[in-house]
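Positions are given from 1, in the same order as the sequence printed here.
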Amino acid sequence: MAKKSTILTNWPKYLLQWGVLAALVLFLTGVISGDEPANPEAHCPMGGLQALVTYLVNGSLPCSMTTMQIMMGIVLAAAVVLFSKLFCGYVCPLGTVQDLLAKLRRTIGIKGIEIQNGSVADVLLRIVKYVILFWVFYMTATASELFCKNLDPYYAVATGFKGEITLWMSIITVLIVIVCGFLMKSFWCKYLCPLGAISNSLKFWVWIVVLFALYYVLGLIGVNIPWWVLLGLFSLAGYLLEILCGRPRFQVVHIMKNSEKCIHCGHCTTACPFGIDVARAQGGPLRAVDCTLCGECTASCPTKAVYTGICKKQKPSCFMKVLPALLAVVLVALGIHFGNKVELPTINVTWGVEETLKDGTVNQLVDPSTLKTMEMENLRSVKCYGSSMAFKAKLEKIPGVHGVKTFVAHHRVVITYDPAVTTPEKIQESVFTPSKFRVNTPDVQTVDSVKVVTIRTENMYDKLDLNYLGLQMRLTDKKIYGLESEFACPLVVRVYMDPSENLDKDWFKQVVNKKELEMPVHGGGTKLTPVNYKFVALENGESYMPTEKFIRRFFTPFKAQFKKRLDEFAGSPQFVYEIPDANYEKPIVLRNMPFLSNHLSRHDGIIGIYTNLDKNLTPAIMIRFASPMTAEKIWELINMEKWTITYKADDVREEDARFKFSVQGNVVPFEGSALEYDLSNE
C-alpha cells in the first residue's frame with residue numbers, strides 16, 4: 001500500500017505550525033507590528049527557562065527578559081510533564097522548518113541519511129544537546145545575558161543576523177538546520193536543541209524531582225553544592241535517562257496502538273519525524289522519549305490502528321485527533337495571560353543592611369524592621385537588566401537608601417530606605433535628572449523674544465518624560481518652542497512659546513492629561529505610546545527671554561579637547577574649520593561625534609573637535625587646529641571611507657565613516673570665533 005500524504009489528514013498540526021510560522025514572519029517583518037520593532041524573544045520559552053535559572057541563582061533576570069518569557073518556559077515544562085513535547089511538535093518554528101525541509105527532500109526524490117535510534121551514532125550524537133544545554137545555562141547565569149542568542153538559529157534569522165549574535169556561531173547553526181535538516185529527519189531537534197534536551201529530561205520528571213529534592217535536603221543539612229553542579233547533574237541525568245530508559249511513563253495523553261488492527265505496513269514509522277519505530281511497538285501506549293504527539297503516525301495509518309488517546313480502552317475519535325493542537329493553543333494562551341498578570345523583579349538587591357565578618361558572623365548595620373519602601377512609576381529609562389543596574393548605581397550614592405527592586409515591563413521600581421536618614425521626596429530629587437526638550441525652533445529674524453510660563457505636573461520623574469510631553473505639544477497647532485524641567489513637588493515645567501500665544505489652564509490640562517501619545521509614523525498610520533502624566537497647576541505670571549539666548553540654551557554642544565595639544569600649541573596661531581548645517585543638532589550626530597574626534601585625534605595639529613552654534617546661530621561641526629594641520633588635510637581626513645578608531649591601545653579598528661560631507665567648511669581664526677566665545681564663557 002502506497003504511503004499517503006498526511007497534510008490533509010493531520011490538518012490540526014499543519015494549521016497550527018504554519019499559522020505560527022506565518023504570524024512570526026508578519027510580526028518580524030513589521031507587517032503587523034508597524035514601526036515598532038518586533039521582539040523575537042517576546043514569548044521565547046527557552047529564554048524564559050534561562051531567565052528563571054538566572055533569577056534563582058543571582059536574584060536577577062537576564063537583560064531584556066521579563067516574566068512573560070518565564071511563564072512561557074513554565075508552561076512548556078508543564079506541557080511536557082502532563083502531555084508531551086507539544087511546543088516542539090506544534091509551535092516551534094525550527095521544528096516546522098525541519099518538517100518542511102524533509103518534505104522538500106522527499107518531493108524531489110533525494111534519499112535521506114538514516115540514523116537508527118539506539119545505534120552508536122545516535123547514542124553519541126544525543127549527548128551534544130546536553131553539553132549545549134549546560135554550556136548555555138552556565139554562561140547565561142554567570143553573565144546575566146542570554147548566551148543562547150550567540151548561536152540560536154531562530155534568533156539569528158529573526159533579527160536578520162543583526163542581533164546580539166556571534167556571527168560564526170549563528171552561521172554554523174543556521175547551516176546545520178538547513179543542510180542537516182534536509183538530509184536527515186529532525187537533526188537539529190533530535191541532537192542539538194538544548195530546549196529538546198530539557199523537554200526530554202522533564203519526561204522523566206519523577207527522577208528529576210528526586211534529584212532536586214536531594215540537592216535541597218543536602219543544603220538543609222549544611223552540604224552546600226554549587227548550583228552549576230546541580231545543572232551538570234541535571235544534564236547528565238537527562239542524557240542517561242534518554243539513552244538507557246527512553247520510555248517515560250507518567251504522561252496523560254499518548255499515541256496508542258491497537259495491535260489487532262495493525263497490518264504492519266510501516267507507514268507510521270516512515271512518517272515519524274524522529275524515526276520512532278511505531279510499527280514494531282507493542283499494543284497500548286507508545287512510550288518514546290522523542291514523541292511530540294505530532295500525529296504524523298496516526299494520520300498515516302490506513303487502519304486507524306495508531307491513534308491519540310488517554311487509555312487503552314479508548315477508541316479513535318475526532319476530538320482526540322485535535323486535542324494535542326488544542327492543548328498547545330490553550331497552554332500558550334495561559335502562558336501569555338499569566339505572563340501579563342505576574343511580574344518578577346529584574347533585580348532585587350539590598351546593600352548596607354548587614355556585613356559578614358572574617359570569622360563568619362553577621363554584623364547588623366541597620367535594623368531591617370525600621371526600613372520602609374516607596375514606589376516610583378513611569379521610569380521609562382528602566383527597561384532592562386543593564387538600565388536597572390545603572391539605576392541601582394545611582395541609588396547607592398544616596399544616603400539612607402538600602403535596596404531596590406525593578407519591574408522593567410511596567411517601568412516601576414520599589415526602593416527600600418531608612419526613614420531616619422532620608423525621605424521619599426529627597427530620593428525623588430536625587431533620582432531626578434533636569435532636562436530640556438526643543439519642541440520647535442523660533443525664527444530669530446522675526447521673533448525677538450520667547451514667552452516663558454510655568455506649569456506643575458506629576459508622574460514625570462523619568463528623563464524621557466519631558467520628551468514625550470514635548471512631542472505631544474509639537475502635534476498641536478500652537479507655537480511652542482521648548483520645555484525645561486526642574487525638580488519640585490509637584491514638578492516644575494517651564495514652557496517656552498511665541499509671545500503671541502495665550503494658553504490657559506484648560507489647554508495645558510487637556511494636553512498633559514492625555515493617556516496616549518499619538519505619533520505619525522513614516523509611510524502613514526499612527527504609533528500609540530501610553531503616557532500617564534497629571535496636570536496640577538498653571539502658575540501666575542510670565543517672563544520673556546531673548547530668542548538668541550533661548551536658542552543657545554536649548555542647543556546641546558559636544559566638546560573633545562586634547563590637553564597635550566592645548567599645551568603644545570598655546571601661543572601658536574590656531575584656526576577653526578567650521579562646517580555649518582542645521583542637521584548637526586540632531587541626536588544621531590551627537591552620538592557619532594566621539595568617533596569623529598577619535599579618528600581625527602591621531603593626526604598632529606588637531607587640538608579639539610566640537611559641535612556648537614556659529615555666529616549665525618547655525619549648528620556646526622567645528623575642528624580646532626594649528627600647523628602642520630591644514631584645512632585641505634582636514635577635508636581629506638573627514639571624507640575617508642574608513643575611519644581609524646582606537647578603542648584600546650591594542651584594539652585599533654578600521655570602520656565605515658559615520659558622516660558624509662558634501663560641502664567644504666570655512667576656516668576662521670580661533671581668536672574671535674564663535675567657538676572661542678563659547679569656550680571662554682564655560
Judged by atom type as modelled, is there a donor-acceptor pair below 3.5 Å linking the side chain of [X] to the main-chain atoms of [Y]?
X	Y	result
Thr140	Phe147	yes
Gln472	Val511	yes
Asp152	Cys148	no
Ser170	Asn150	yes
Ser485	Ser435	yes
Thr66	Met68	yes
Asn598	Pro594	no
Asn58	Ser60	no

If I take atom [atom1] from residue [X] and atom [atom2] from residue [Y], how far apart are they, to the nearest 0.5 angstrom?
X	Y	atom1	atom2	answer
Leu61	Ile70	CG	CD1	4.5 Å
Phe659	Ile621	CZ	CD1	5.0 Å
Ile455	Leu483	CD1	CG	7.0 Å
Met65	Cys384	CE	SG	11.0 Å
Ile427	Tyr417	CD1	OH	6.5 Å
Phe338	Met72	CZ	CE	12.5 Å

Intermediate values then yes/no, side chain to side chain donor-acceptor pair (under 3.5 Å), Lys478 and Asn440: CA-CA 10 Å; Lys478 305 302 181 183; Asn440 292 294; over 6 Å; no

Please state whether the rings of Phe508 and Phe535 are parallel, tilted or perpendicular, taking 30° and 60° as the class boundaries.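 Parallel, since the angle between the ring planes stays under 30°.
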
Before we go on, tell me: are the rings of Tyr496 and Phe554 under 6.0 Å apart, centre to centre?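 Tyr496 vs Phe554: aromatic centres under 6.0 Å.
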
Does any part of the side chain of Leu371, heavy atoms only, come nearer than 4.5 Å to the side chain of Val353, both counted from C-beta?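 They are in side-chain contact.
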
Taking the side chain as every heavy atom from C-beta outward, state whether Leu49 and Leu195 have any atom pair closer than 4.5 Å. yes

Cation-pi check, Arg412 to Phe407: give yes when NZ or CZ is under 6.0 Å from the six-membered ring centre and within 45° of the ring axis, no otherwise. yes

Val404 and side chain to side chain contact (heavy atoms under 4.5 Å, CB included): which partner among Thr416, Ile347, Val382?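 Going through Thr416, Ile347, Val382 one by one, the side chain to side chain contact (heavy atoms under 4.5 Å, CB included) with Val404 is satisfied by Ile347 alone.
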
Under a 4.0 Å N-O cut-off, is there an ion pair linking Glu501 with Lys479? no

Test side chain to side chain donor-acceptor pair (under 3.5 Å) on Lys534 and Asn513 and set out the steps. CA-CA 5 Å; Lys534 182 180 179 181; Asn513 287 350; over 6 Å; no

